[in-house]
Amino acid sequence: MELFKEISRSLKAETGAGVSFTVLEGGGYFQNVKRIEEFSSETILLRGKKGKVRLIGRDLSLSKYYAGDVAVLGEILKVERE
Amino acid sequence: MKMNFGKVAFTVTSLSCGRVMDKLAKEGIAVFSVRKRGKNTISFCVAAKDREKVFAILRGSCYNIDKVRGRGLNLFYEKCKNAMGLLLGALLFCLIVLYSETRVLKIDVVGSGAYFEPRILELLEESGVKRFSRVPADCAAISSSILALPRVSYCSIGAKGGVLTVEVRVSEESETALSGPLRSPATGTVEEIFVLRGTAAVKVGDEVEEGQVLVENFSLFGEEKREVLVIARVTVSFPVSETFEGSEEQAKLSAYLKYGTIEGIKTEAAEGGFLVTGKAYQRAAVNLS
(Lines give C-alpha, C1' and ligand atoms only; values in the text may rest on other atoms or scores of the structure.)
Protein backbone atom coordinates (compact mmCIF):
# COMPACT_ATOMS: atom_id res chain seq x y z
CA MET A 1 0.00 0.00 0.00
CA GLU A 2 1.47 3.33 -1.07
CA LEU A 3 -0.64 4.98 1.61
CA PHE A 4 1.63 3.57 4.34
CA LYS A 5 4.73 5.00 2.65
CA GLU A 6 3.10 8.38 2.42
CA ILE A 7 2.07 8.32 6.06
CA SER A 8 5.54 7.15 7.12
CA ARG A 9 7.18 9.97 5.13
CA SER A 10 4.97 12.58 6.70
CA LEU A 11 5.76 11.20 10.17
CA LYS A 12 9.43 10.96 9.18
CA ALA A 13 9.35 7.29 10.23
CA GLU A 14 11.54 4.54 8.84
CA THR A 15 9.73 2.51 6.17
CA GLY A 16 10.09 -1.10 5.16
CA ALA A 17 11.51 -2.14 8.54
CA GLY A 18 8.99 -3.00 11.21
CA VAL A 19 5.45 -4.19 10.66
CA SER A 20 3.18 -1.38 9.50
CA PHE A 21 -0.48 -1.70 10.21
CA THR A 22 -3.81 -0.08 10.26
CA VAL A 23 -6.64 -1.28 12.45
CA LEU A 24 -10.31 -0.69 11.77
CA GLU A 25 -13.51 -1.99 13.21
CA GLY A 26 -13.76 -5.64 12.16
CA GLY A 27 -10.06 -6.25 11.48
CA GLY A 28 -6.75 -4.85 10.45
CA TYR A 29 -4.17 -4.84 7.68
CA PHE A 30 -0.51 -5.55 8.35
CA GLN A 31 2.49 -5.10 6.03
CA ASN A 32 6.15 -6.19 6.05
CA VAL A 33 5.29 -9.41 7.89
CA LYS A 34 8.11 -11.91 7.66
CA ARG A 35 6.63 -14.67 9.76
CA ILE A 36 3.61 -15.62 11.81
CA GLU A 37 5.03 -16.80 15.10
CA GLU A 38 1.79 -17.49 16.93
CA PHE A 39 -1.69 -17.95 15.69
CA SER A 40 -4.93 -18.56 17.57
CA SER A 41 -8.37 -17.05 17.68
CA GLU A 42 -7.30 -14.80 20.61
CA THR A 43 -3.68 -13.99 19.83
CA ILE A 44 -1.64 -13.48 16.70
CA LEU A 45 2.07 -12.69 16.82
CA LEU A 46 3.56 -11.21 13.64
CA ARG A 47 7.28 -10.83 13.17
CA GLY A 48 8.71 -8.21 10.85
CA LYS A 49 12.27 -7.41 9.80
CA LYS A 50 12.60 -5.35 12.96
CA GLY A 51 10.46 -6.23 15.92
CA LYS A 52 7.21 -8.03 16.43
CA VAL A 53 3.56 -7.06 16.73
CA ARG A 54 1.10 -8.91 18.96
CA LEU A 55 -2.58 -8.75 18.33
CA ILE A 56 -5.03 -9.60 21.08
CA GLY A 57 -8.66 -9.93 20.39
CA ARG A 58 -11.63 -12.22 19.81
CA ASP A 59 -12.51 -14.58 16.95
CA LEU A 60 -9.38 -13.68 15.01
CA SER A 61 -8.68 -15.23 11.62
CA LEU A 62 -6.52 -14.39 8.64
CA SER A 63 -8.42 -13.32 5.60
CA LYS A 64 -5.30 -13.23 3.44
CA TYR A 65 -1.60 -13.81 3.86
CA TYR A 66 0.56 -13.19 0.84
CA ALA A 67 3.83 -11.41 -0.05
CA GLY A 68 4.26 -10.04 3.46
CA ASP A 69 0.75 -8.65 3.70
CA VAL A 70 -1.67 -10.02 6.27
CA ALA A 71 -5.34 -9.12 6.51
CA VAL A 72 -6.82 -10.01 9.89
CA LEU A 73 -10.51 -10.36 10.53
CA GLY A 74 -12.13 -10.31 13.91
CA GLU A 75 -12.37 -8.01 16.91
CA ILE A 76 -8.90 -6.58 17.59
CA LEU A 77 -8.78 -5.34 21.19
CA LYS A 78 -5.09 -4.54 21.52
CA VAL A 79 -2.02 -4.20 19.32
CA GLU A 80 1.33 -4.31 21.07
CA ARG A 81 4.82 -3.85 19.68
CA GLU A 82 7.42 -6.17 21.13
CA MET B 1 -9.53 -33.70 -15.08
CA LYS B 2 -8.73 -31.06 -12.52
CA MET B 3 -10.59 -27.76 -12.51
CA ASN B 4 -8.16 -24.91 -11.89
CA PHE B 5 -10.63 -22.30 -10.86
CA GLY B 6 -12.15 -21.58 -7.52
CA LYS B 7 -10.46 -22.36 -4.25
CA VAL B 8 -9.48 -25.49 -2.36
CA ALA B 9 -9.78 -25.74 1.44
CA PHE B 10 -7.16 -27.61 3.46
CA THR B 11 -7.23 -28.74 7.07
CA VAL B 12 -3.73 -29.31 8.42
CA THR B 13 -2.52 -30.60 11.76
CA SER B 14 0.90 -29.43 12.84
CA LEU B 15 2.76 -28.50 16.00
CA SER B 16 3.59 -25.10 14.54
CA CYS B 17 0.64 -23.84 12.57
CA GLY B 18 2.25 -20.47 11.89
CA ARG B 19 5.07 -22.19 10.03
CA VAL B 20 2.58 -23.75 7.61
CA MET B 21 1.47 -20.33 6.45
CA ASP B 22 5.01 -18.99 6.37
CA LYS B 23 6.17 -21.86 4.19
CA LEU B 24 3.34 -21.33 1.75
CA ALA B 25 3.76 -17.56 1.66
CA LYS B 26 7.52 -17.97 1.10
CA GLU B 27 6.77 -20.09 -1.99
CA GLY B 28 4.50 -17.39 -3.36
CA ILE B 29 1.20 -19.05 -2.54
CA ALA B 30 -1.52 -16.69 -1.30
CA VAL B 31 -3.34 -18.16 1.71
CA PHE B 32 -6.92 -17.17 2.50
CA SER B 33 -9.45 -17.67 5.29
CA VAL B 34 -7.03 -19.04 7.85
CA ARG B 35 -8.76 -20.25 11.02
CA LYS B 36 -7.66 -22.18 14.06
CA ARG B 37 -9.75 -25.33 14.36
CA GLY B 38 -8.10 -26.98 17.27
CA LYS B 39 -4.99 -26.89 19.41
CA ASN B 40 -2.73 -27.88 16.53
CA THR B 41 -5.12 -27.70 13.60
CA ILE B 42 -5.74 -24.93 11.15
CA SER B 43 -7.82 -24.62 8.03
CA PHE B 44 -7.05 -22.38 5.09
CA CYS B 45 -7.85 -21.92 1.41
CA VAL B 46 -5.59 -21.55 -1.60
CA ALA B 47 -6.33 -21.05 -5.26
CA ALA B 48 -7.18 -24.33 -7.00
CA LYS B 49 -4.18 -23.95 -9.30
CA ASP B 50 -1.86 -24.06 -6.26
CA ARG B 51 -3.35 -27.28 -4.89
CA GLU B 52 -0.51 -29.56 -6.02
CA LYS B 53 2.11 -27.05 -4.85
CA VAL B 54 0.64 -27.13 -1.33
CA PHE B 55 0.99 -30.91 -1.22
CA ALA B 56 4.57 -30.65 -2.43
CA ILE B 57 5.51 -27.93 0.07
CA LEU B 58 3.86 -29.62 3.05
CA ARG B 59 5.21 -33.05 2.21
CA GLY B 60 6.83 -34.51 5.29
CA SER B 61 5.96 -35.82 8.67
CA CYS B 62 5.67 -32.43 10.32
CA TYR B 63 2.40 -31.67 8.62
CA ASN B 64 -0.65 -33.85 8.33
CA ILE B 65 -3.12 -32.82 5.71
CA ASP B 66 -6.37 -34.10 7.19
CA LYS B 67 -8.88 -32.88 4.67
CA VAL B 68 -8.92 -31.31 1.26
CA ARG B 69 -12.11 -29.93 -0.17
CA GLY B 70 -13.07 -27.72 -3.05
CA ARG B 71 -14.70 -24.38 -2.40
CA GLY B 72 -17.13 -22.47 -4.56
CA LEU B 73 -17.07 -23.64 -8.17
CA ASN B 74 -14.45 -26.22 -7.38
CA LEU B 75 -16.71 -27.82 -4.78
CA PHE B 76 -19.58 -27.83 -7.24
CA TYR B 77 -17.35 -29.53 -9.80
CA GLU B 78 -16.26 -32.16 -7.26
CA LYS B 79 -19.85 -32.94 -6.28
CA CYS B 80 -20.83 -33.26 -9.95
CA LYS B 81 -17.89 -35.58 -10.56
CA ASN B 82 -18.98 -37.82 -7.67
CA ALA B 83 -22.55 -37.86 -8.82
CA MET B 84 -21.78 -38.25 -12.53
CA GLY B 85 -23.98 -41.32 -12.84
CA LEU B 86 -26.88 -39.50 -11.24
CA LEU B 87 -26.40 -36.46 -13.49
CA LEU B 88 -26.20 -38.62 -16.61
CA GLY B 89 -29.30 -40.50 -15.51
CA ALA B 90 -31.19 -37.25 -14.93
CA LEU B 91 -30.09 -35.95 -18.33
CA LEU B 92 -31.12 -39.20 -20.03
CA PHE B 93 -34.49 -39.06 -18.29
CA CYS B 94 -35.08 -35.49 -19.49
CA LEU B 95 -34.13 -36.45 -23.04
CA ILE B 96 -36.47 -39.46 -22.99
CA VAL B 97 -39.35 -37.33 -21.68
CA LEU B 98 -38.75 -34.69 -24.34
CA TYR B 99 -38.55 -37.35 -27.06
CA SER B 100 -41.65 -39.21 -25.91
CA GLU B 101 -43.61 -35.95 -26.02
CA THR B 102 -43.12 -36.05 -29.78
CA ARG B 103 -44.29 -39.66 -30.08
CA VAL B 104 -47.67 -41.33 -29.84
CA LEU B 105 -47.50 -43.77 -26.93
CA LYS B 106 -51.22 -44.46 -26.66
CA ILE B 107 -54.35 -43.74 -28.69
CA ASP B 108 -57.65 -43.09 -26.87
CA VAL B 109 -60.94 -42.88 -28.74
CA VAL B 110 -63.57 -41.23 -26.58
CA GLY B 111 -67.05 -39.80 -26.96
CA SER B 112 -70.40 -41.14 -28.11
CA GLY B 113 -68.83 -42.34 -31.35
CA ALA B 114 -66.19 -44.42 -29.57
CA TYR B 115 -67.67 -47.61 -31.06
CA PHE B 116 -66.04 -46.54 -34.32
CA GLU B 117 -62.67 -47.16 -32.67
CA PRO B 118 -61.49 -49.99 -34.96
CA ARG B 119 -62.35 -47.97 -38.05
CA ILE B 120 -60.79 -44.83 -36.58
CA LEU B 121 -57.59 -46.72 -35.81
CA GLU B 122 -57.57 -47.91 -39.42
CA LEU B 123 -57.97 -44.33 -40.66
CA LEU B 124 -55.18 -43.16 -38.37
CA GLU B 125 -52.87 -45.89 -39.59
CA GLU B 126 -53.60 -44.95 -43.20
CA SER B 127 -52.36 -41.47 -42.32
CA GLY B 128 -49.22 -42.90 -40.74
CA VAL B 129 -50.35 -42.42 -37.14
CA LYS B 130 -49.91 -45.42 -34.87
CA ARG B 131 -48.16 -46.34 -31.65
CA PHE B 132 -44.62 -44.91 -31.47
CA SER B 133 -45.11 -42.88 -34.63
CA ARG B 134 -44.70 -39.10 -34.65
CA VAL B 135 -47.50 -36.99 -33.26
CA PRO B 136 -49.35 -35.67 -36.34
CA ALA B 137 -48.66 -32.02 -37.00
CA ASP B 138 -51.74 -31.50 -39.11
CA CYS B 139 -54.86 -33.39 -38.04
CA ALA B 140 -57.23 -31.73 -40.51
CA ALA B 141 -57.05 -34.51 -43.09
CA ILE B 142 -57.56 -37.21 -40.43
CA SER B 143 -60.48 -35.31 -38.87
CA SER B 144 -62.21 -34.97 -42.21
CA SER B 145 -61.95 -38.70 -42.90
CA ILE B 146 -63.40 -39.46 -39.46
CA LEU B 147 -66.21 -36.95 -40.02
CA ALA B 148 -67.11 -38.90 -43.18
CA LEU B 149 -68.18 -41.85 -41.02
CA PRO B 150 -71.94 -42.23 -40.72
CA ARG B 151 -73.67 -39.97 -38.16
CA VAL B 152 -70.40 -38.53 -36.88
CA SER B 153 -71.10 -34.88 -36.16
CA TYR B 154 -67.96 -33.83 -34.26
CA CYS B 155 -64.33 -34.90 -34.22
CA SER B 156 -61.32 -33.47 -32.43
CA ILE B 157 -57.79 -34.85 -32.21
CA GLY B 158 -55.43 -33.74 -29.46
CA ALA B 159 -52.07 -34.94 -28.23
CA LYS B 160 -50.72 -34.48 -24.73
CA GLY B 161 -48.02 -36.36 -22.86
CA GLY B 162 -47.73 -39.00 -25.57
CA VAL B 163 -51.46 -39.80 -25.54
CA LEU B 164 -53.39 -39.09 -28.72
CA THR B 165 -57.03 -38.49 -27.82
CA VAL B 166 -59.62 -38.71 -30.56
CA GLU B 167 -63.01 -37.42 -29.45
CA VAL B 168 -65.85 -38.48 -31.72
CA ARG B 169 -69.49 -37.58 -31.24
CA VAL B 170 -72.39 -38.92 -33.23
CA SER B 171 -75.54 -37.00 -33.93
CA GLU B 172 -78.78 -38.49 -32.60
CA GLU B 173 -80.92 -36.38 -34.89
CA SER B 174 -79.48 -37.39 -38.24
CA GLU B 175 -81.29 -39.55 -40.84
CA THR B 176 -82.78 -42.74 -39.55
CA ALA B 177 -80.30 -45.57 -39.52
CA LEU B 178 -81.11 -48.69 -41.46
CA SER B 179 -82.27 -51.53 -39.31
CA GLY B 180 -82.27 -55.21 -40.14
CA PRO B 181 -79.52 -57.68 -40.98
CA LEU B 182 -76.84 -57.33 -43.69
CA ARG B 183 -77.55 -59.54 -46.66
CA SER B 184 -75.22 -60.84 -49.36
CA PRO B 185 -75.23 -58.72 -52.55
CA ALA B 186 -74.28 -61.64 -54.77
CA THR B 187 -73.81 -65.41 -54.96
CA GLY B 188 -70.14 -66.10 -54.41
CA THR B 189 -67.41 -66.28 -51.79
CA VAL B 190 -67.01 -64.00 -48.80
CA GLU B 191 -63.75 -62.11 -49.28
CA GLU B 192 -64.03 -59.59 -46.44
CA ILE B 193 -66.42 -59.15 -43.52
CA PHE B 194 -66.14 -56.19 -41.14
CA VAL B 195 -68.57 -55.97 -38.24
CA LEU B 196 -68.73 -53.04 -35.80
CA ARG B 197 -72.09 -54.01 -34.40
CA GLY B 198 -74.15 -57.15 -34.96
CA THR B 199 -73.25 -60.82 -35.14
CA ALA B 200 -71.44 -62.29 -38.15
CA ALA B 201 -73.19 -65.36 -39.51
CA VAL B 202 -70.45 -66.29 -41.96
CA LYS B 203 -66.67 -66.05 -42.15
CA VAL B 204 -64.17 -65.28 -44.90
CA GLY B 205 -64.07 -68.06 -47.45
CA ASP B 206 -67.67 -69.19 -46.98
CA GLU B 207 -69.86 -69.68 -50.04
CA VAL B 208 -73.01 -67.59 -49.87
CA GLU B 209 -76.16 -67.04 -51.88
CA GLU B 210 -77.49 -63.67 -52.94
CA GLY B 211 -79.80 -62.34 -50.21
CA GLN B 212 -78.41 -64.65 -47.58
CA VAL B 213 -78.05 -63.08 -44.13
CA LEU B 214 -74.37 -62.44 -43.50
CA VAL B 215 -74.60 -60.25 -40.35
CA GLU B 216 -77.47 -60.72 -37.89
CA ASN B 217 -79.04 -57.72 -36.19
CA PHE B 218 -78.56 -59.00 -32.66
CA SER B 219 -75.73 -59.19 -30.14
CA LEU B 220 -75.23 -61.41 -27.13
CA PHE B 221 -74.95 -59.61 -23.77
CA GLY B 222 -74.04 -62.47 -21.48
CA GLU B 223 -76.69 -65.04 -22.26
CA GLU B 224 -79.22 -62.46 -23.38
CA LYS B 225 -79.83 -61.80 -27.04
CA ARG B 226 -80.63 -58.16 -27.79
CA GLU B 227 -81.61 -56.56 -31.06
CA VAL B 228 -79.05 -54.02 -32.29
CA LEU B 229 -78.48 -51.73 -35.21
CA VAL B 230 -76.12 -53.48 -37.61
CA ILE B 231 -72.98 -51.57 -38.53
CA ALA B 232 -71.06 -53.76 -40.92
CA ARG B 233 -69.54 -54.15 -44.35
CA VAL B 234 -68.97 -57.23 -46.51
CA THR B 235 -67.26 -57.98 -49.83
CA VAL B 236 -68.30 -61.00 -51.89
CA SER B 237 -66.45 -62.27 -54.95
CA PHE B 238 -68.20 -64.10 -57.73
CA PRO B 239 -67.23 -65.51 -61.14
CA VAL B 240 -68.01 -63.50 -64.25
CA SER B 241 -68.89 -65.24 -67.48
CA GLU B 242 -70.84 -63.10 -69.95
CA THR B 243 -70.80 -62.32 -73.64
CA PHE B 244 -70.65 -58.69 -74.66
CA GLU B 245 -71.19 -57.26 -78.15
CA GLY B 246 -68.62 -55.40 -80.19
CA SER B 247 -64.87 -55.72 -80.43
CA GLU B 248 -62.68 -57.30 -77.77
CA GLU B 249 -61.87 -53.89 -76.25
CA GLN B 250 -65.51 -52.84 -76.27
CA ALA B 251 -66.48 -56.12 -74.60
CA LYS B 252 -63.92 -55.54 -71.83
CA LEU B 253 -65.13 -51.96 -71.31
CA SER B 254 -68.73 -53.11 -71.09
CA ALA B 255 -67.74 -55.76 -68.54
CA TYR B 256 -65.88 -53.16 -66.39
CA LEU B 257 -68.87 -50.85 -66.58
CA LYS B 258 -71.20 -53.57 -65.39
CA TYR B 259 -69.08 -55.29 -62.74
CA GLY B 260 -66.40 -52.80 -61.76
CA THR B 261 -63.02 -54.37 -61.09
CA ILE B 262 -62.60 -57.82 -62.66
CA GLU B 263 -59.67 -59.86 -61.53
CA GLY B 264 -57.93 -62.16 -64.05
CA ILE B 265 -60.06 -60.89 -66.94
CA LYS B 266 -59.99 -63.02 -70.10
CA THR B 267 -61.79 -62.64 -73.38
CA GLU B 268 -62.73 -65.26 -75.93
CA ALA B 269 -64.48 -64.84 -79.24
CA ALA B 270 -68.04 -66.14 -79.07
CA GLU B 271 -71.24 -65.94 -80.96
CA GLY B 272 -72.52 -62.38 -80.87
CA GLY B 273 -69.33 -60.81 -79.54
CA PHE B 274 -66.74 -61.76 -76.92
CA LEU B 275 -67.09 -63.92 -73.81
CA VAL B 276 -65.56 -62.14 -70.82
CA THR B 277 -64.54 -64.25 -67.82
CA GLY B 278 -62.91 -63.38 -64.52
CA LYS B 279 -63.69 -62.67 -60.87
CA ALA B 280 -65.65 -59.60 -59.79
CA TYR B 281 -66.41 -58.15 -56.35
CA GLN B 282 -69.59 -56.82 -54.87
CA ARG B 283 -69.61 -54.83 -51.64
CA ALA B 284 -72.54 -54.27 -49.27
CA ALA B 285 -72.62 -52.19 -46.12
CA VAL B 286 -75.18 -51.16 -43.52
CA ASN B 287 -74.68 -47.92 -41.62
CA LEU B 288 -71.02 -47.86 -42.63
CA SER B 289 -69.27 -46.28 -45.60
Side-chain angles (χ1 to χ4, degrees), chain A residues 1-2 4 16-82, chain B residues 4-58 60 62-75:
Chain A
M1 273 192 189
E2 291 303 315
F4 279 146
V19 176
S20 317
F21 59 88
T22 186
V23 175
L24 304 163
E25 204 171 322
Y29 197 86
F30 298 80
Q31 273 193 311
N32 301 325
V33 175
K34 292 289 174 204
R35 188 182 279 187
I36 299 176
E37 300 227 334
E38 261 179 59
F39 175 71
S40 72
S41 52
E42 286 88 30
T43 308
I44 298 177
L45 182 61
L46 306 173
R47 176 196 273 279
K49 205 172 174 183
K50 270 186 178 180
K52 299 178 195 178
V53 169
R54 182 182 290 277
L55 281 69
I56 295 164
R58 281 195 280 261
D59 199 25
L60 299 177
S61 64
L62 301 187
S63 155
K64 182 177 176 177
Y65 176 30
Y66 180 62
D69 287 0
V70 175
V72 176
L73 290 178
E75 193 183 346
I76 299 174
L77 299 172
K78 200 196 281 187
V79 181
E80 292 174 341
R81 284 204 182 270
E82 291 179 6
Chain B
N4 283 336
F5 52 81
K7 290 200 178 95
V8 177
F10 286 81
T11 303
V12 175
T13 303
S14 168
L15 288 173
S16 53
C17 296
R19 289 213 62 187
V20 172
M21 291 175 278
D22 291 331
K23 280 191 100 143
L24 295 174
K26 198 174 160 187
E27 297 299 329
I29 296 174
V31 180
F32 305 92
S33 306
V34 185
R35 280 192 174 272
K36 198 85 184 273
R37 296 291 177 193
K39 192 179 167 196
N40 295 319
T41 306
I42 57 163
S43 66
F44 59 89
C45 293
V46 298
K49 63 178 175 59
D50 294 327
R51 179 192 177 119
E52 300 299 333
K53 279 192 206 169
V54 171
F55 279 107
I57 291 162
L58 298 183
C62 297
Y63 310 103
N64 289 325
I65 299 176
D66 297 324
K67 194 158 66 169
V68 180
R69 238 185 124 196
R71 288 278 294 269
L73 276 175
N74 213 289
L75 178 65

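The sequence lines fix the lettering, A, B, ..., with proteins before strands; numbering per chain opens at 1. Quick caveat, the model's predicted, so the values are computed rather than measured.
Judged by distance alone, with hydrogens and angles left aside, the side-chain atoms of A/K64 form no donor-acceptor pair with the main-chain N or O of B/A30 at under 3.5 Å.
Ranking A/A71, A/G68, A/S63 against chain B, the residue ahead of the rest is A/S63, based on heavy-atom pairs under 4.5 Å.
Rounding to the nearest 0.5 Å places CE of B/M21 at 12.0 Å from CZ of A/R35. Note that CG of A/D59 and CZ of B/R35 are 5.5 Å apart. Values are rounded to the nearest 0.5 Å.
Residue-environment remark: CZ (B/F32) exceeds the threshold of 12 foreign heavy atoms within 6.0 Å. No more than 12 heavy atoms of other residues, nucleotides or ligands shown are found within 6.0 angstrom of CD on A/E25.
Shown here for B/D22 and A/Y65, the closest heavy-atom pair between the two residues is OD1-OH, 2.8 Å.
Heavy-atom distances place both the backbone and the side chain of A/S40 under 4.5 Å from chain B. Neither the backbone nor the side chain of B/L24 comes within contact range of chain A, judged by heavy atoms closer than 4.5 Å.
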